[in-house]
2 protein chains.
Amino acid sequence: MQPTMARRTKAEAAATREALLDAAEDIFLERGVARTSLEQIARQAGMTRGAVYWHFRNKADLFRAMLDRVRMPFQELVEEIDDPALVDAPLEAIRLACLQGLARLEQPRYRRVHAILIHHCEVFGEIDPLAMQNEIAEESCGALIEYFTVACEHRLLRSDITPELAARLLQSSLGGLFHDWLRNHEHFSIRERGTEMVDTLLKLLAREP
Amino acid sequence: MQPTMARRTKAEAAATREALLDAAEDIFLERGVARTSLEQIARQAGMTRGAVYWHFRNKADLFRAMLDRVRMPFQELVEEIDDPALVDAPLEAIRLACLQGLARLEQPRYRRVHAILIHHCEVFGEIDPLAMQNEIAEESCGALIEYFTVACEHRLLRSDITPELAARLLQSSLGGLFHDWLRNHEHFSIRERGTEMVDTLLKLLAREP
DNA sequence: CTTTTTACATGCAACTCTGTATGGATATGT
DNA sequence: ACATATCCATACAGAGTTGCATGTAAAAAG
């Protein structure tokens, strides 16, 4: 055993920072946020608590950094499918944005971090996960309402369905499916079920030809 | 200050047990399960940790007792609306069972305990809240599938909708709405939005006359 | 090459929480 | 009335975690 390992290069330091965040994901997901100590995270990454306290101020700061690696604003999803042919097909734009989101959530990192945020952490320190979830929900619902409003103006929606109702239906359905899937993702594929759900919902909501 | 308060009557003991559970609901909801100590619960109830350890073995046991006060198996909801006229109207039976469940969730105790179970606790000790949620979800979804299957056999469903798909749609929608509402119940009434959602979904899923 | 800063490891004091052991006073059974 | 079991308060030992302070070897700056 060496006397004391010492300073790494800047690239190595960045690598240990990522390793600490990876380790945090692992143990947060396995034991929950509250029950994992900083020493468990450090040992999982092959480090000691000294490394953790150098890179982060405390557990809340580490948690925030972990979330920052998977920031996925809804607006990004819309911009990624920015096809000018879709301005007159808002329902198809919604469909593609949803599928884009489902594809992202299948990536292990997104899935794991969201599972931690939704199912494996409580309020702690200066972090309020419910407030974060609220922000996400409000933003996505607002965006959906806008698109459904456009669809309504183009006479693409059933006459007995308001844009707000359509948006809430779609958002609740996907949110519920998301929650269920995050509990045990091996039970089914969220991409398949999500696609099926979005397709049928949009078909049911669309005005009959 | 008296030297040492001592033994209460059996009724008083049962009352303190209830008071401890009430206090646990309060603080669990406010601070989260992991961050609340047994002493905080005891003091909130005007007792000490001795009372807690007398009535419960540990925090997990207290948590389980708290959940036992709001056990609401889906079958109960169906039995409560056991109207023989509904055996030939399975869609109406589903609707009434859902409304019955929504009405229950509006009761403060049900709402608070479910908010704790879903949003304010992680895995701890011998308690796995995700497994409990899974049980609830599986049971309710299974019951919905049975009823939608009957509806399908009676030609009450659209021909392009399978009973499984209908059940998953309804369950995900209500589950997502439930999660959103539990985050901040003052934002909207789950009874109104849930009723609206159930009505429109069933209308969309029903075969056109 | 020298100095300074970086990137950690190690050690320490303080705090919090748990579980249990003990004690006491009263309700309850007989 | 007496003995006993009940209901709860108090005290204590132990473990675990946090934040900081210190040490240190190498990288980076000059």
Side-chain angles (χ1 to χ4, degrees), chain A residues 1-24 27-28 30-65 121-127, chain B residues 1-24 27-28 30-66 120-127:
Chain A
M1 200 182 287
Q2 283 104 346
T4 44
M5 279 298 185
R7 173 168 194 206
R8 321 292 167 83
T9 140
K10 271 189 284 189
E12 282 172 332
T16 61
R17 190 191 135 101
E18 297 299 307
L20 288 173
L21 292 176
D22 289 343
I27 310 196
F28 282 166
E30 186 182 337
R31 319 260 269 218
V33 175
R35 286 179 62 81
T36 67
S37 67
L38 295 182
E39 185 167 346
Q40 293 174 18
I41 295 175
R43 278 203 326 224
Q44 170 84 6
M47 301 280 141
T48 70
R49 263 172 54 250
V52 177
Y53 275 101
W54 200 90
H55 283 283
F56 313 99
R57 282 179 299 164
N58 48 31
K59 195 201 276 190
D61 192 39
L62 188 150
F63 186 81
R64 195 183 340 253
C121 77
E122 313 172 354
V123 288
F124 76 101
E126 327 121 34
I127 298 290
Chain B
M1 202 183 289
Q2 282 105 344
T4 44
M5 280 298 186
R7 176 169 189 203
R8 320 294 168 82
T9 145
K10 273 191 283 189
E12 283 172 331
T16 59
R17 189 190 135 100
E18 296 299 306
L20 288 174
L21 292 176
D22 290 343
I27 311 196
F28 282 167
E30 185 182 339
R31 317 258 264 220
V33 175
R35 285 180 62 81
T36 69
S37 67
L38 295 182
E39 186 168 344
Q40 293 175 19
I41 295 175
R43 280 202 326 224
Q44 171 82 8
M47 301 281 144
T48 70
R49 261 170 57 248
V52 177
Y53 275 100
W54 169 253
H55 286 282
F56 313 98
R57 282 179 302 164
N58 47 33
K59 195 200 277 189
D61 192 40
L62 188 149
F63 186 80
R64 196 182 343 250
M66 188 188 76
H120 295 271
C121 77
E122 313 172 357
V123 287
F124 77 101
E126 327 123 34
I127 299 291

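Naming convention: chains lettered A, B, ... in sequence-line order (proteins, then strands); numbering from 1 in each chain.
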**Student:** How close do H55(B) and T16(B) get, heavy atom to heavy atom, and via which atoms?
**Tutor:** NE2-OG1, 3.4 Å

**Student:** What integer distance in Å separates L20(A):CG from dA9(C):C1'?
**Tutor:** 13 Å

**Student:** Using a 4.0 Å heavy-atom cut-off, does S37(A) contact any base of the nucleic acid, only the sugar-phosphate backbone, or nothing at all?
**Tutor:** sugar-phosphate

**Student:** Using a cut-off of strictly less than 4.0 Å between a heavy atom of the residue and any atom of DNA chain D, enumerate the qualifying residues of residues 49-61 of chain B by number.
**Tutor:** G50(B), A51(B), W54(B), H55(B)

**Student:** Output the rounded distance in Å from CD (E12(B)) to P (dA5(D)).
**Tutor:** 21 Å

**Student:** Side-chain contact test, heavy atoms from C-beta onward, threshold under 4.5 Å: evaluate it for L21(A) versus F56(A) and give yes or no.
**Tutor:** yes

**Student:** Quick one: does any side-chain atom of K59(B) pair with a main-chain N or O of G125(B) as donor and acceptor, under 3.5 Å?
**Tutor:** no

**Student:** Using whole Å, what does the distance between atom C1' of nucleotide dT16(C) and atom CD of Q40(B) come to?
**Tutor:** 10 Å

**Student:** Which pair of heavy atoms, one from A42(B) and one from L20(B), lies closest together, and at what distance?
**Tutor:** CA-CD2, 4.2 Å

**Student:** Taking only residues two or more places apart in sequence or in another chain, which ones pass ring pair (Phe, Tyr, Trp, His ring centres under 6.0 Å) with Y53(A)?
**Tutor:** none

**Student:** Under 4.0 Å: is that the gap between some side-chain N or O of T16(A) and OP1 or OP2 of dA7(C)?
**Tutor:** no

**Student:** Rounded to whole Å, how long is the line connecting atom CD of E39(B) with atom C1' of dT18(C)?
**Tutor:** 11 Å

**Student:** Would you say a side-chain N or O of T9(A) is under 4.0 Å from OP1 or OP2 of dA7(C)?
**Tutor:** no

**Student:** Under the 3.5 angstrom rule, does the side chain of E18(A) hit a backbone N or O of A15(A) as a donor-acceptor pair?
**Tutor:** no

**Student:** Report the distance from atom CG of L62(A) to atom P of dG19(D), rounded to the nearest whole Å.
**Tutor:** 12 Å

**Student:** Grab the CZ-C1' distance between R35(B) and dT17(D) for me, whole Å please.
**Tutor:** 12 Å

**Student:** Expressed as a whole number of angstroms, how long is the span from I41(B):CD1 to dC17(C):P?
**Tutor:** 11 Å

**Student:** For A34(B), is there any backbone N or O sitting under 3.5 Å from a side-chain donor or acceptor partner on E122(A)?
**Tutor:** yes

**Student:** If I take atom CG in residue L38(A) and atom P in nucleotide dT18(D), what distance separates them, rounded to the nearest angstrom?
**Tutor:** 4 Å

